[in-house]
Structures are given as structure tokens and as C-alpha cells.
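Order of the sequence lines sets the chain letters (A, B, ...), proteins ahead of strands, with each chain counted from 1. None of the values given here were measured: they were computed from a predicted structure.
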4 protein chains.
Amino acid sequence: MGAVKSKRMPRAVREQQMMDAAVRTFGQRGYRAASMDEIAELAGVSKPLVYLYLNSKEELFSACIRREANALLEAVRAGVEPGLPADGQLWAGLRAFFLHTAENPDGWSVLHRQARSHGEPFVSELGSMRDEIVAFVTGLIGAAAREAHRDPALADRDVVGLAQALVGAAESLAGWANDTPDVSAKEAAATLMNFAWAGLENLMHARPWQPPAA
Amino acid sequence: MGAVKSKRMPRAVREQQMMDAAVRTFGQRGYRAASMDEIAELAGVSKPLVYLYLNSKEELFSACIRREANALLEAVRAGVEPGLPADGQLWAGLRAFFLHTAENPDGWSVLHRQARSHGEPFVSELGSMRDEIVAFVTGLIGAAAREAHRDPALADRDVVGLAQALVGAAESLAGWANDTPDVSAKEAAATLMNFAWAGLENLMHARPWQPPAA
Amino acid sequence: MGAVKSKRMPRAVREQQMMDAAVRTFGQRGYRAASMDEIAELAGVSKPLVYLYLNSKEELFSACIRREANALLEAVRAGVEPGLPADGQLWAGLRAFFLHTAENPDGWSVLHRQARSHGEPFVSELGSMRDEIVAFVTGLIGAAAREAHRDPALADRDVVGLAQALVGAAESLAGWANDTPDVSAKEAAATLMNFAWAGLENLMHARPWQPPAA
Amino acid sequence: MGAVKSKRMPRAVREQQMMDAAVRTFGQRGYRAASMDEIAELAGVSKPLVYLYLNSKEELFSACIRREANALLEAVRAGVEPGLPADGQLWAGLRAFFLHTAENPDGWSVLHRQARSHGEPFVSELGSMRDEIVAFVTGLIGAAAREAHRDPALADRDVVGLAQALVGAAESLAGWANDTPDVSAKEAAATLMNFAWAGLENLMHARPWQPPAA
DNA sequence: GATGAATGAGACTTCATTCAT
DNA sequence: AATGAATGAAGTCTCATTCAT
């Protein structure tokens with residue numbers, strides 16, 4: 001007994017340990033550079049056990065993508081309170097997104113860097129998750145548009161493009177904030193919210209968006 | 001007819017053929033999955049010749065990153081006409097950017113997907129090119145602010161933050177546009193220009209930015 | 001009958017088989033000319049197993065040097081009986097040395113021919129073993145000097161120099177005896193004993209050292 | 001004109017430049033590790049020229065062995081003055097040997113380390129040269145024996161063994177003197193002469209050989 | 001007399017995966 | 001539930017050597 005090297009754990013627990021190790025390894029080394037040896041060692045089990053539970057490197061990676069995608073989605077959903085006005089919801093969603101990715105850098109690396117870089121079947125795997133995020137954002141923006149009585153409605157494709165732009169901007173700012181001393185994560189988030197909500201023109205004319213008194 | 005298998009070419013020409021093949025292979029397969037065998041065959045030469053001229057897989061990949069990064073930078077610079085007003089310059093730059101990435105999907109894949117996913121030294125290699133783009137965009141936004149006599153002036157740090165956000169959004173959209181059939185470069189540029197210039201709120205209220213009659 | 005192709009052996013046994021094969025191959029072909037393929041085949045295993053257990057060609061060669069050096073050292077130590085007079089001890093040590101090198105020609109080739117010819121880190125590896133032999137011989141000569149009440153006493157440095165000369169002569173003669181058919185280990189030992197003990201001048205005057213009636 | 005990069009040299013001169021480069025490279029890197037590329041570059045010519053003049057790596061190495069063996073032989077012969085008594089001749093020969101090998105470390109490495117370590121045809125190549133050295137030493141020792149009216153004469157095989165022992169002792173002492181601070185080459189030579197001429201027993205009883213007043 | 005261009009063959013090494021217990 | 005033993009296949013890289021000028 002003791003966490004040093006417990007044997008004979010129930011399957012579900014062992015599987016999670018393996019996936020933890022896999023996410024960490026894939027996230028840091030990349031899909032191809034990660035070796036099953038390293039994953040098994042990090043998980044504290046033998047290699048055949050990894051194969052017994054997860055079948056192959058490919059399936060293991062797919063499982064990682066699914067797990068991390070769902071976790072991210074849940075985090076964003078949980079961060080948004082349905083009753084708020086549109087800008088408040090967006091602000092809350094972005095904060096949740098930033099928080100989750102900062103706390104799970106390996107998982108985020110798996111989703112953002114690795115899953116896109118290694119072709120099928122991983123791109124498809126990621127696709128279905130992105131569809132869910134887009135649907136969620138679409139809902140948000142759609143609600144905002146109705147709130148503003150926008151007419152005619154934004155096309156779905158435009159919404160997807162906007163979501164892509166938002167995520168890209170968020171990633172870029174996160175990296176910049178990380179690499180630049182004395183730029184806080186909150187400042188970065190505010191910059192993004194301004195950029196996204198008010199647009200450059202409004203910023204040029206000194207009409208920024210104001211964060212809600214939180 | 002055509003260069004079926006020309007032999008004894010001068011070194012400079014052969015090197016470009018090899019780099020073409022390498023960009024294509026790296027862009028489609030990824031850095032690790034691409035094999036030197038495949039690159040050599042696609043270039044129509046033997047493997048030792050690739051090593052003789054380009055030394056190693058790592059150096060070859062670095063050379064690809066540099067070549068593609070410079071080409072992209074030149075394309076954007078060439079697309080912007082200095083005399084225009086700020087939004088016109090931004091619009092021109094974005095069009096040039098999305099056009100170039102659409103016309104060089106493998107080169108863009110090398111920069112956006114592969115160089116980021118395979119650790120040092122490639123990330124640094126890419127970083128310096130990205131810094132140049134960010135500096136360029138920073139200049140543009142600063143000019144726009146002066147043009148608008150914004151008061152109080154935007155802090156330098158805010159300008160850089162906005163430029164980071166814009167560049168990140170552009171990168172993300174370019175990947176999306178490349179991966180999504182029937183999204184044209186011009187549409188992507190318009191989506192981003194709207195997003196950046198008008199901001200989401202204006203979009204919600206059906207007050208988008210209008211492209212200049214070109 | 002015989003160990004045609006025994007599978008699933010414990011690691012320690014397999015490692016010895018591999019080292020046997022490696023010593024033989026290195027000794028006959030040389031470090032560079034020996035291929036890991038040949039070693040694996042001679043050991044009756046696949047190449048990856050050799051790497052799994054012994055890591056690299058360099059480490060494998062180093063391990064061979066250490067094993068053979070220790071075996072030789074032990075053989076010489078075991079051959080010398082502490083109670084004898086000085087010339088008897090020297091004679092016994094030389095006999096053991098030449099016998100061992102004659103019985104392990106590949107091991108001796110690894111030590112004498114290959115380890116010296118392929119630079120660091122092998123030369124150092126061998127150096128420490130050689131230092132042990134020299135120290136051993138130094139002790140022997142020192143004992144002989146005390147036994148003879150030599151006065152004035154030999155300087156320590158002179159003793160080490162003599163030991164170096166003796167060891168070098170032995171190494172060289174062993175190589176020669178191994179390469180020359182019909183020169184027995186005992187003859188080689190006698191030649192060296194005469195040379196070392198009586199000196200050329202005494203040989204010239206037909207006053208050789210006499211082996212003890214064994 | 002000038003030694004920087006003279007072109008169109010007569011064949012004999014070019015060949016010597018190549019052999020110089022080859023001896024240096026083979027001596028330092030070893031036969032296998034030396035590459036024709038490195039040799040050609042060090043010689044300041046293109047690789048095809050090396051092949052044009054010297055045909056193959058194997059022939060080039062053989063030619064190096066022959067050249068260096070002859071040079072060593074000549075040096076020793078030139079060092080010995082025929083009229084001297086036996087110990088004086090030996091002393092002179094050893095000095096010439098030490099001097100030549102110290103001044104031509106790469107050539108000595110080719111003969112002593114590399115030629116023996118890489119099998120046929122090099123071992124044979126070296127063999128004929130060793131035969132000449134042995135004949136020379138045999139003559140010397142034979143003269144000494146006649147001088148001493150030794151009877152019965154030493155067998156040829158014994159002479160070869162003694163020569164081997166001498167050379168081995170010399171090499172070992174040379175290495176030791178090089179690695180040990182404040183042991184001069186001359187001291188090493190004296191130690192060897194004592195060891196060889198007087199023998200350990202005489203040394204034990206304080207009857208060393210005396211170097212001739214030079 | 002001399003060389004830039006080019007390659008077939010083979011080396012070391014790694015990895016995903018399975019077998020037998 | 002778990003693992004020590006083992007390998008087929010593939011990858012990066014080097015080298016002696018030749019061809020065409």
C-alpha cells in the first residue's frame with residue numbers, strides 16, 4: 001500500500017494513469033517523437049499493458065485527443081453563466097478558456113499543435129470537437145445578434161471564421177504574455193476582449209470596451 | 001518533353017529542387033513522418049546528394065522554414081502600398097497574406113503546423129520571422145493611431161498586444177481557409193478585416209467595415 | 001543436439017553470449033570493420049536485442065575491453081604464488097600472461113590491437129587496466145630489489161620505468177607469439193625471462209637465466 | 001607562384017603531398033575512420049585526382065605503409081656506425097629509432113597501430129619490412145655474439161623474439177616518458193638500455209650498463 | 001592535369017509491436 | 001492483472017568510388 005508502485009489497480013484507474021502519461025509525452029515531444037517506451041515508463045507500467053488496454057499508438061493518441069477536447073469544452077461551458085448579456089458571456093468564456101489551457105499546457109499542446117500536424121485520422125477526430133465548440137460559440141453569437149436585433153443574421157460560415165480568428169488571437173496573446181515580462185494574463189485577456197469586441201476602429205477613436213465590474 | 005530526369009545540374013539549381021521537394025513533403029507528411037528517401041525521390045536525386053548539399057534533416061527543415069518565411073514576408077511587404085490610409089494598408093496586407101498562404105499551402109503548413117510542433121531549434125527559427133511580421137503590423141497600427149489623432153495615445157505595449165492578436169488571428173484563419181474547401185483567400189481576408197476593424201459589437205449591430213471600392 | 005537456437009534466455013546469459021560474439025568479431029575484424037549485424041548473428045539474436053542490452057557499438061566495445069582486461073589481470077594474479085623468490089614469481093607471472101593471451105587470442109587482439117587503434121574513449125579504458133598491471137609488476141621488481149639488498153636502492157621512478165619496459169616487451173611478444181605459428185606460450189615466456197633477467201650481454205656471453213626445475 | 005595553392009604540379013610532387021596527407025589522416029584517425037574526402041582536402045586536391053594517382057584507399061594505405069617503413073629503416077641504418085662495439089651500436093640504433101618515431105608520430109602510428117589492426121593485405125605488407133629490420137638486428141646481435149665468441153649461436157627465431165621484445169619495451173617507455181612529467185626521453189632511453197643490456201639481475205646487484213662517453 | 005556532380009551499398013540506431021509465461 | 005524477452009521494418013547518415021567535362 002502506498003502510491004509508490006501500487007499493483008493490481010482496477011482497469012479504469014490504470015487507464016487514466018496511462019492517458020495522463022500519454023498526454024504529457026505527446027504534448028511535450030510530439031506524436032511521432034513520443035515513444036511507447038517513454039509513455040509506459042512514465043505511467044509506471046510495462047509496455048504490453050499499454051497495448052492490452054489501448055491497442056496501439058494511434059488509438060492511444062486518439063483517446064488523448066478526445067479526452068482533452070471534452071475537458072476543454074466542459075471547462076468553457078462551465079465558465080459561462082447563461083443569464084449574462086453577450087459581452088459578459090464572451091468575457092467569461094475567454095477567461096475559462098485561458099485558464100484551462102494555462103493549467104493544462106500538455107493537453108492544449110496535444111489539441112492545438114499535435115492533432116493538427118499529423119494528418120488523418122487525428123484531424124477528423126479533432127474536427128468533431130471543433131464542431132461542438134463552434135456550435136457553442138455560434139449559439140453565443142447568435143444570441144447576441146438576436147439581442148441586438150441584428151438582421152439579416154450572420155451566416156454560419158462567418159461565425160466559424162470569427163471563432164477561428166478569436167482562438168488564434170487568444171493563442172497568440174497567451175504566448176506573448178508568457179514570453180513578455182510584466183504583461184499579466186489579465187491584461188492580455190483585456191486586450192483581446194477590446195480587440196474582439198470594440199474593434200480597432202473604436203480603439204483608434206478612444207472608445208474601448210469596458211470590462212464589467214467583477 | 002519536360003525535365004524528365006535532367007542530370008548534372010549546377011548546384012544552386014539542384015538545391016532549389018531539393019528544397020521544393022522538401023517543403024512539399026514536410027508540409028504534407030510532417031517533419032518526423034517525412035523521410036529523406038521520399039524527399040530525395042521527389043527531387044529526382046539520390047539521397048547522398050541531399051546530404052551533400054543540405055547536411056542533415058534538421059538543417060534541411062530549418063532551411064525550408066527560412067525560405068518560406070522570407071517568401072511570405074516579402075509577399076506581404078510587396079502587397080502594401082505605403083501611400084494608402086491605415087485601413088487600406090491593413091486590408092492590402094491581409095489580402096496579400098491570405099493570397100500567399102493559399103497559393104503555397106505546403107509552405108504555409110511548414111510554417112504554421114510543422115515548425116511549431118517539433119520543438120527547438122525550429123520554434124526559435126520561426127520566432128524571429130514572426131517577430132518581423134509583428135513589428136510590421138505594429139508599425140501599421142501605430143500609423144493608424146496617429147492618423148486618427150487618438151488621444152490619449154495608445155501605449156506602445158498596447159499596440160504590440162493588438163498586433164500580436166491580429167497576427168495570431170490571421171495565422172489561425174489562414175490554416176482554416178486552407179483546410180476548408182470553398183473558402184477563398186479574399187473571404188478570409190474580409191472576415192478578419194471585419195473582425196479586427198469593426199469589432200464584434202459592430203458586427204452584431206450590422207455595422208460592418210466596408211472594403212474600399214477596388 | 002546442442003544449443004541450436006535457444007530462445008527466451010535470462011538477460012545475464014544472453015549478455016554473455018553477446019559479449020562472446022562481440023569479442024570474437026572485434027578481435028578478428030577490428031572495431032570499425034566489425035558490424036553490429038555480424039555480432040548479432042554470431043550471438044544468435046536480433047540486432048535490437050543487442051542494442052537493448054548493450055546500448056551502442058561504443059559501449060559494447062568498452063564492455064569488451066573491460067571484461068577482457070579483468071580476465072587477463074585475474075589470470076596473471078592467479079598465476080603468481082606469493083611465497084616464491086623474485087625470479088620465480090616473475091617467471092610464473094609471465095607464463096600465466098602468455099598462456100592466457102594464447103588461449104584467448106580474440107580477447108588479446110581486442111586489448112592489444114583494437115583498443116589502441118581507435119582513439120578515445122577506448123585508449124583511456126585500456127590505460128587504467130594497464131596501470132594496474134604495471135603497478136603489479138612494480139611491486140614484484142621492488143620486492144626483488146629488497147630481496148637482493150640492492151645498495152644504493154633503486155629509485156622509485158627507475159622501478160616504474162623498468163616495469164613499463166617489461167610490460168611493453170611482454171605485450172609485444174604476446175602479439176608476435178599469437179601471430180607466429182609454432183611459437184608456444186612457454187617459449188615466449190622463456191625468451192622474455194631471459195631478456196629481462198639476464199640481459200642481452202649475458203645472452204651474448206652464453207650465460208642465460210635458468211628456469212627453475214618445475 | 002607561391003605555396004598557397006599551386007596548380008599543375010608534376011605528378012611526383014603531387015603524389016608526395018597526397019601521401020603526406022594520407023599518413024597524417026590514417027595515423028590520427030585510423031584506417032577505417034579516415035575518409036578519402038578528408039585526405040583529399042588535406043592534400044589540397046580533388047578526390048578524383050587521388051584516385052587517378054593512387055587507385056584506391058587500400059592501395060593508398062599500402063603505399064603509406066611502404067613509405068614509412070622504408071623511412072624508419074633508413075633512419076636506423078643511418079644512425080648506426082659500423083665500426084663500434086656491439087653495445088655502442090645498439091645504443092646508437094635505439095637512439096635513432098626513438099628519434100625517428102618521435103619526429104614522425106603519424107608515420108609510426110600507421111606502422112605500429114594501424115597496419116597491424118586491419119588484417120590482410122596490410123599485415124603482409126608490414127611483414128616484409130619487419131623481416132628487413134629483423135635481418136638488420138640479427139646482423140647486429142650476430143656480430144656481438146661473434147665478438148663475444150658466443151657458441152653455440154643464437155637461433156634466428158630467438159633473435160626475432162628479442163627484437164620484438166626490444167621494440168615493445170621501447171614503445172612502452174616512449175609512451176610513459178611522454179605522459180609522465182619530468183621524465184626525459186634520454187632517461188627513458190638509458191632505462192631501456194640498462195634493462196636490455198644488463199638485465200634485471202645485474203641491476204639488482206648494482207652492476208648497470210654504462211653509457212659510452214658521448 | 002584536374003574537378004564538380006552524382007550514387008550504390010551499407011553502417012548504426014530506434015520503434016511499434018508481439019509472444020510466452 | 002501483468003511482464004521480461006524478443007524482433008521486423010524503417011530511418012538517418014557516411015563513404016568509397018565513378019562519370020563527364
Is any side-chain heavy atom of B/His112 less than 4.5 Å from a side-chain heavy atom of B/Asn178? no
Length of the CD-P vector between B/Glu38 and F/dA10, whole Å: 13 Å
Test of understanding: with side-chain hydrogen bond (donor to acceptor under 3.5 Å, both in side chains), list the residues that count as partners of C/Lys57, not counting sequence neighbours. none
Donor-acceptor pair, distance only, cut-off 3.5 Å: does the side chain of D/Arg113 make one with the backbone of C/Arg116? yes
Expressed in angstrom and rounded to an integer, what is the separation of A/Leu49 atom CG from E/dA16 atom C1'? 16 Å
Sub-4.5 Å side-chain heavy-atom contact between B/Ile65 and B/Met129: no
Distance in angstrom units between A/Glu59 CD and E/dA16 P, rounded: 15 Å
Do A/Ser109 and A/Gln114 have side chains that approach each other closer than 4.5 Å (heavy atoms only, starting at C-beta)? yes
Where does the angle between the aromatic ring planes of D/Phe61 and D/Tyr31 fall among parallel (under 30°), tilted (30 to 60°) and perpendicular (over 60°)? parallel
Which letters describe nucleotides 14-21 of chain F, given B = protein heavy atom under 4.0 Å from base, S = only from sugar-phosphate, - = neither? BBSBBB--
Can you tell me which stems DNA chain E forms, taking runs of 3 or more consecutive Watson-Crick or G-U pairs with both distances under 3.5 Å? E:2-21 with F:2-21
Give one of base, sugar-phosphate or nothing for C/Arg11, where a contact means two heavy atoms less than 4.0 Å apart. sugar-phosphate
Roughly how many Å is it from CE in A/Met18 to C1' in F/dA1, rounded to a whole number? 10 Å
Whole angstrom is fine here: how far is it from OH in C/Tyr53 over to P in E/dT13? 18 Å
Flag the pair B/Asp179 / A/Val123 as yes when at least one side-chain heavy-atom distance between them is below 4.5 Å, and no otherwise. no
Could you tell me whether the side chain of C/Gln16 reaches within less than 4.5 Å of the side chain of C/Arg67, counting heavy atoms only? yes
F/dG4 P sits how many Å from A/Leu52 CG, rounded? 15 Å
